[in-house]
Amino acid sequence: GGWYPEDETGNSGFLVDIFYDKSMKKIRFAYAHITNIEKNERRIVKAADFLILGVKKLVPSRRVDVTEFLTEGGIKLASEAGGLVSSSDLMTRMAHFYDKYFYLDEKTPFWFSAAYALFTWVHDSFDLLTFLRARGGSGSGKSDLMYLIGITSYRFAAISASSTDASFRGLARDYKATILIDEVQEAMRKDDGSLAAFLKGRFSTRFSRHTQMEERTDAEGKKIYTVSMANVYGPTLFTMYGSFKDDGIENRCMSFDLSQVDMFTLDKHDIEPGYYPSEIEEEAQEIRNMCLHWRLATWLPKLELSHEQRKKYRLSDPLVSPRINSTLRPIKVLAVLQGDMQLLENLKKIGQANYQDEITKRASSFEAIILRSLLAADIAQDLKDGVQPMASPAYAEK
């Protein structure tokens, strides 16, 4: 799949994507013929076995290894282009899906995750993205939550920490996958720098092209070395216990911190740890099918606001952190372009609620408790004499 312009102007072309037709047991095309990008005029074809592009005939890959990888669930695809629903309705469907199969006392992360999952379906219309991460100890359910988010995302692939750096690049280059790296700290522990470089290039189209030398054979049978390129840009999900040591990666993460939930609470909400009902995959399949149609109806080479629109709507919210603003911005852009002011307002509320949850967690941290104690001691005169400033090493020596 991909974007295939019809001429040098780039004002028309074909957005081609793939799905796995279960009834026919093969990979097929769904595409949008965009006849005028400026006016957003398009025709959607929900199923095709090939596509004629000028003098070329485009067909889905027939390589056995590729077909088996896709059909066996190596990447979660749509099974058809489903019904077309609005961005707001899709986010609601996703958030309720997460809430149905995973327990959180505070529901805001479900809505925030839904905005991120929806964004993955048009991530290639934007130049920057953030990573989504669930942190927590063993048994906190971080892998379960991120898997639920992943199976509603675009071309989802779940990867273990033991996977090779080459496999990460292959998934990004060949399949344009949304990648979940489970227990990523294990992969970083044995990393020689390749995975870190992969992740640092993955969040921006400016730095996403990784090059390397490859040995090939020319027409005369001689071995030659040529430069090959892999575009690794794409959405990424993580689970881990703590934080990345590399600030370049850490600062691109939007995180949820999870903790263990007691069995009484889980029983009350009809959630049984270790049990994954078949309805999970079926419901996720329906969501992906709707998202495929939504992508074909929504995608443009660049989804961006005009200067006048940016001045009018001011998408950045001063009441939340830069990372939350960065994560929610693409869906806010879509809300403005689609004239959905209710969705825009809901996204602002989601961002503020999520930031408030962040502040609450920080306020209960050990560092915050110590700071409050020092401030209280400084204010209270009767306690002030009991607080002694620490001497600097230089002062202590004197």
Q: Is there a donor-acceptor contact under 3.5 Å from the side chain of Asp17 to the main chain of Ala30?
A: no

Q: May I ask you to check whether over 12 heavy atoms, not counting those of Asn36, lie within 6.0 Å of atom CG?
A: yes

Q: Between Arg323 (side chain only) and Met254 (backbone N and O only), is there a donor and an acceptor less than 3.5 Å apart?
A: no

Q: Taking all non-hydrogen atoms of both residues into account, name the closest pair between Ser12 and Thr35 and its distance.
A: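 Minimum heavy-atom contact is CB-O, 3.4 Å.
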
Q: Is a side-chain donor or acceptor of Arg202 paired with a backbone partner of Gly234 at a separation under 3.5 angstrom?
A: yes

Q: Taking atom OG of Ser153 and atom CD1 of Ile179, what is their separation to the nearest 0.5 Å?
A: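 Going from OG on Ser153 over to CD1 on Ile179, the span is 12.0 Å.
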
Q: Is any side-chain N of the basic residue among Asp21 and Lys26 closer than 4.0 Å to the acidic one's carboxylate O?
A: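 Salt bridge: no.
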
Q: Checking the side chain of Gln260 only, and the main-chain atoms of Ser138 only, is there a donor and an acceptor separated by less than 3.5 Å?
A: yes

Q: According to the interplanar angle, ranging from 0 to 90°, do the rings of Trp299 and Trp3 count as parallel (below 30°), tilted (30 to 60°) or perpendicular (above 60°)?
A: tilted

Q: Given the rule in the side-chain contact (heavy atoms from CB on, under 4.5 Å) test, do Leu90 and Cys291 qualify, once you have shown the distances and angles that lead to the verdict?
A: CA-CA 8 Å; Leu90 271 176; Cys291 285; 3.9 Å; yes

Q: For Phe156, does the six-membered ring have the charged nitrogen or CZ of Lys76 within the cation-pi criterion, i.e. under 6.0 angstrom from the centroid and within 45° of the normal?
A: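 So Lys76 doesn't make the cation-pi contact.
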
Q: For Ser243 and Arg135, does a side-chain donor sit closer than 3.5 Å to a side-chain acceptor?
A: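 There is such a pair (donor and acceptor under 3.5 Å, judged by atom type) between the side chains of Ser243 and Arg135.
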
Q: If I compare all heavy atoms of Ala117 with all of Ile149, which pair ends up nearest, and what's the gap?
A: CB-O, 4.2 Å

Q: Find out whether Met188 and Ile249 are in side-chain contact, i.e. whether some heavy atom of one side chain is under 4.5 Å from a heavy atom of the other.
A: yes

Q: Using side-chain heavy atoms (C-beta onward) and a distance below 4.5 Å, is Phe256 in contact with Leu104?
A: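 Phe256 does not reach Leu104 side chain to side chain.
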
Q: Report the C-alpha separation of Lys25 and Thr71 in whole Å, then their side-chain angles, then the decisive distance to 0.1 Å, and conclude whether the side-chain contact (heavy atoms from CB on, under 4.5 Å) test is met.
A: CA-CA 8 Å; Lys25 296 184 178 180; Thr71 57; over 6 Å; no

Q: Is Ser125 reaching over with its side chain to a backbone N or O of Leu300, donor-acceptor style, under 3.5 angstrom?
A: yes

Q: If you measure from CG on Asp317 to CD1 on Ile324, what distance do you get to the nearest 0.5 Å?
A: 9.0 Å

Q: Roughly how far apart are Phe14 CZ and Phe29 CZ, rounded to 0.5 Å?
A: 12.0 Å

Q: For residues Asp49 and Arg28, determine if any side-chain heavy atom of one lies less than 4.5 Å from a side-chain heavy atom of the other.
A: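 They are in contact (side-chain heavy atoms under 4.5 Å apart), so the answer is yes.
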
Q: Can you name the nearest heavy-atom pair linking Tyr355 to Leu319, along with the distance?
A: CD2-O, 3.1 Å

Q: With a 4.0 Å cut-off, would you call Arg189 and Glu186 a salt bridge?
A: yes

Q: For Glu279, is the CD atom crowded, meaning more than 12 foreign heavy atoms sit under 6.0 Å from it?
A: yes

Q: Any sub-3.5 Å donor-acceptor pair from Gln285's side-chain atoms to Leu77's backbone N or O?
A: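 At least one qualifying donor-acceptor pair exists.
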
Q: Do Lys46 and Leu296 come close enough that some side-chain heavy atom pair is under 4.5 Å?
A: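 They are not in contact (no side-chain heavy atoms under 4.5 Å apart), so the answer is no.
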
Q: What verdict does the side-chain contact (heavy atoms from CB on, under 4.5 Å) test give for Tyr313 and Met341, after you've listed the backbone C-alpha separation in whole Å, the side-chain angles of each residue and the deciding distance to 0.1 Å?
A: CA-CA 10 Å; Tyr313 293 101; Met341 296 300 103; 3.6 Å; yes

Q: May I ask you to test the Asp144-Tyr276 pair for a side-chain heavy-atom distance under 4.5 Å?
A: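 Touching, per the 4.5 Å side-chain cut-off.
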
Q: Side-chain heavy atoms under 4.5 angstrom apart, residues restricted to Ile, Leu, Val, Met, Phe, Trp, Tyr: same cluster for Tyr103 and Ile151?
A: no

Q: Between Phe119 and Leu334, does the side-chain contact (heavy atoms from CB on, under 4.5 Å) criterion hold? Intermediate values first, please.
A: CA-CA 9 Å; Phe119 157 72; Leu334 284 175; over 6 Å; no

Q: Using every non-hydrogen atom in the two residues, find where Glu183 and Gln185 come nearest and quote the distance to one decimal.
A: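 It is OE1-NE2, 2.8 Å.
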
Q: I'd like to know if Arg329 and Glu304 make a salt bridge, using a cut-off of under 4.0 Å between side-chain N and carboxylate O.
A: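 Yes, charged N to carboxylate O under 4.0 Å.
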
Q: Please state whether the rings of Tyr154 and His123 are parallel, tilted or perpendicular, taking 30° and 60° as the class boundaries.
A: tilted

Q: State whether the side chain of Arg310 and the backbone N or O of Leu305 hold a donor-acceptor pair below 3.5 Å, judged by distance alone.
A: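 Present.
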
Q: Do you know which two heavy atoms are closest between Asn11 and Asp7, and how far apart they sit?
A: N-OD1, 4.2 Å

Q: Do the side chain of Ser326 and the main chain of Pro322 share a donor and acceptor less than 3.5 angstrom apart?
A: no

Q: For the residue pair Tyr241 and Gly136, what are the closest heavy atoms and their distance?
A: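 Taking every non-hydrogen atom into account, CD2-O, 3.1 Å.
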
Q: Are Val59 and Ile52 connected in a single hydrophobic cluster, I mean Ile/Leu/Val/Met/Phe/Trp/Tyr linked by side-chain heavy atoms less than 4.5 Å apart?
A: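 Ile52 clusters together with Val59.
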
Q: Output the distance between atom CZ (Arg314) and atom NZ (Lys348), rounded to the nearest 0.5 Å.
A: 11.5 Å

Q: Is it the case that one hydrophobic cluster holds both Leu258 and Ile271, taking links as side-chain heavy atoms less than 4.5 Å apart, direct or via other members?
A: no

Q: With the side chain counted from C-beta on, respond yes when Lys200 and Phe207 share a heavy-atom pair under 4.5 Å apart, and no when they do not.
A: no

Q: Measure the shortest side-chain to side-chain distance between Leu132 and Ser113 over non-hydrogen atoms and say whether it is less than 4.5 angstrom.
A: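 They are in side-chain contact.
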
Q: When you measure from the side chain of Asn251 to the backbone of Asp247, do you find a donor-acceptor pair of N or O atoms at a distance under 3.5 Å?
A: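 Yes; at least one donor-acceptor contact below 3.5 Å.
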
Q: Could you tell me if the side chain of Thr178 sits less than 4.5 Å from the side chain of Arg155, heavy atoms only?
A: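 No, side chains not in contact.
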
Q: Does Asp191 use its side chain to pair, donor to acceptor, with the backbone of Ser194 at less than 3.5 Å?
A: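 Between the backbone of Ser194 and the side chain of Asp191 there is a qualifying donor-acceptor contact (under 3.5 Å).
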
Q: Is it true that Gln342 and Ser88 share a donor-acceptor pair across their side chains at a distance under 3.5 Å?
A: no

Q: Going only through I, L, V, M, F, W and Y residues with side-chain contacts under 4.5 Å, is there a path from Leu128 to Leu237?
A: yes

Q: For Lys107, I'd like to know if atom NZ has over 12 heavy atoms of other residues, nucleotides or ligands within 6.0 Å.
A: yes

Q: I'd like to know if Arg295 and Asp124 make a salt bridge, using a cut-off of under 4.0 Å between side-chain N and carboxylate O.
A: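 Salt bridge flag = yes for Asp124 with Arg295.
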
Q: Using the rule that Ile, Leu, Val, Met, Phe, Trp and Tyr join whenever any side-chain heavy atoms are under 4.5 Å apart, tell me whether Val261 and Tyr98 fall into a single cluster.
A: no

Q: How long is the gap from CG on Leu343 to CD1 on Ile331, to the nearest 0.5 Å?
A: 8.0 Å

Q: Would you give the length of the straight line joining atom CG of Leu328 to atom OG of Ser316, rounded to the nearest 0.5 angstrom?
A: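 Answer rounded to 0.5 Å: 10.5 Å.
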
Q: Please determine whether the number of non-hydrogen atoms from other residues, nucleotides or ligands lying under 6.0 Å from atom NZ of Lys302 exceeds 12.
A: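 More than 12 within 6.0 Å, yes.
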
Q: Ring pair (Phe, Tyr, Trp, His ring centres under 6.0 Å) between Tyr116 and Phe112: does it pass, once the steps are laid out?
A: CA-CA 6 Å; Tyr116 188 89; Phe112 195 90; 8.0 Å; no

